[in-house]
Amino acid sequence: MRVMLAIGRIDDDVVAHLPAARRLAAGGRDLYQNSTVATDIEAVCRAHQWQVDIAKVGAGSRQEFAAPDVVVNLVSEPLICDAALSWLDRFARDTRLPVLNTVAATRRACRTALPATLAGQAGVRVPRSTRFIGRAGDLPAHIERAGHSWPVLTRPPGTHGSDGLIRHLDTRLLLADPDRVVDRVVSDFVDTRGPDGLYRKYRMVWADGRVFRRHAIAATHWNVNGPARIDMVGRHDLIAAEKAFIAGADSTLDGRVTALFRAVGLDVAVIDFAIDPAGDLVVFELNGTFQISGSIPDDKRPDWGYLETGNATVANAILSTIARLVPRHVSYGVAPLG
């Protein structure tokens, strides 16, 4: 089996507006975006003696590879890698190679496209998200025209977690430097605080037609991310609840989340969501950008190591997904990794 892992060059017209890209360029590093799950996929493929090539889509120079059996699309950010995705789409059509996470599904999962993609799902709320490029002083007018409701969240395109994420209660911060050119994704803020005053964020991964539960963080702050786990320290009830969530299976919740993954159409993906007081799922993101291993520092493993006990199971599911995409006349056995 030969697998091509495709990563994508960040669009030239985005680099000027994206601080992280400018830092990479200043340091002489390549400006490529790819899902952090690439490390896990490459490792599990090589462990099964599969050949792996890394294709830099949009590199601007000729690359030659042996013909792959399958392409794994790791270009997961349409807002910053539009050209790379367009090239990969043409390549897939011309070669008729099977692609894990098609370009069409990747575009449906884009942060600004996801509200429309999931619009028909009952009991689901996806905050309105739009993109703005221009003078910071013109951003408040965009917020009003686009129908956003204050407060709003803004972030650089192509980012995840809390990288560059800001909550704006009003226009003051936006107008502090009105002539600065900004490139921001604007999203409505949804207050998902529960009756106990805590915010919760749940994460599930999709692979091999199944959902895998990854975490259930509870925090006192609206920005529920990894560092927000500080609020769980010493709270044995919250830790026990997270462990129960990871180990458990709720056919109703799992079925609702499965329907969302199927609506988007990605083969391998992640979803971050909350559950509001009415029981609706509030989807923060659903896309192919996620991490399996390496998310927990070594010094934190005694407390939080349980979050990665299912890593091998998820990696094997991804491997099975890749194998199933290969034409039926080619058969490859998949032995589980422990």
Side-chain angles (χ1 to χ4, degrees), residues 10-11 13-26 33 77-80 82 110-116 118-119 125-201 217-232 272-278 280-287 289:
I10 298 174
D11 294 335
D13 59 350
V14 172
V15 173
H17 305 142
L18 202 62
R22 290 201 303 270
R23 288 195 296 271
L24 288 174
Q33 185 275 334
E77 287 295 343
L79 292 180
I80 64 173
D82 181 69
C110 176
R111 198 180 293 275
T112 55
L114 192 62
L118 299 182
R125 301 169 63 190
V126 186
R128 181 196 310 266
S129 294
T130 61
R131 186 179 186 180
F132 173 83
I133 305 175
R135 294 175 62 255
D138 296 328
L139 184 48
H142 165 83
I143 290 170
E144 299 296 335
R145 285 195 307 270
H148 291 288
S149 300
W150 298 90
V152 297
L153 303 176
T154 69
R155 66 166 73 232
T159 58
H160 297 269
S162 298
D163 188 11
L165 180 64
I166 301 172
R167 184 172 70 156
H168 302 270
L169 299 177
D170 52 43
T171 63
R172 283 174 294 180
L173 186 59
L174 297 173
L175 297 177
D177 188 5
D179 292 325
R180 179 170 56 95
V181 176
V182 297
D183 185 352
R184 308 290 289 185
V185 173
V186 183
S187 301
D188 291 340
F189 172 76
V190 179
D191 192 340
T192 59
R193 181 168 36 193
D196 59 358
L198 296 177
Y199 296 88
R200 287 174 172 82
K201 179 172 73 70
I217 304 175
T220 59
H221 191 264
W222 64 266
N223 189 3
V224 188
N225 54 16
R229 284 188 176 278
I230 190 68
D231 293 333
M232 297 176 65
D272 281 351
F273 65 95
I275 303 175
D276 70 12
D280 289 346
L281 303 186
V282 180
V283 180
F284 301 128
E285 58 182 296
L286 189 163
N287 51 52
T289 301

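A donor-acceptor pair under 3.5 Å links the side-chain atoms of Arg131 to the main chain of Leu79, judged by distance alone. Checking side-chain atoms of Arg155 against main-chain N and O of Gly161 turns up a donor-acceptor pair under 3.5 Å. Under a 3.5 Å cut-off, the side chain of Asp272 and the backbone N or O of Phe284 do not form any donor-acceptor pair. Checking side-chain atoms of Asp11 against main-chain N and O of Asp13 turns up no donor-acceptor pair under 3.5 Å.
Residue His160 holds its NE2 atom at 3.5 Å from OG1 of Thr289, rounded to the nearest 0.5 Å. The CD1 atom of Ile275 sits 6.0 Å away from the CG atom of Leu281 when rounded to the nearest 0.5 Å. Between the CD1 atom of Ile143 and the NE2 atom of His168 there is a distance of 7.0 Å, given to the nearest 0.5 Å. Atoms CZ and CD1, on Arg229 and Ile217 in that order, are 4.5 Å from each other to the nearest 0.5 Å.
Other residues, nucleotides and ligands place no more than 12 heavy atoms under 6.0 Å from the CD1 atom of Ile230.
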Using the rule given for side-chain contact (heavy atoms from CB on, under 4.5 Å), can you reason through Asp276 versus Val190, listing the C-alpha separation, both sets of side-chain angles and the distance that settles it, and then say yes or no?
CA-CA 9 Å; Asp276 70 12; Val190 179; 5.8 Å; no
Start with the C-alpha gap between Thr171 and Trp150, add the side-chain angles, then the distance that decides, and say whether side-chain contact (heavy atoms from CB on, under 4.5 Å) holds.
CA-CA 9 Å; Thr171 63; Trp150 298 90; 3.8 Å; yes
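A side-chain hydrogen bond (donor to acceptor under 3.5 Å, both in side chains) with Thr130 holds for exactly one of Arg184, His142, Arg145, Arg111; it is His142.
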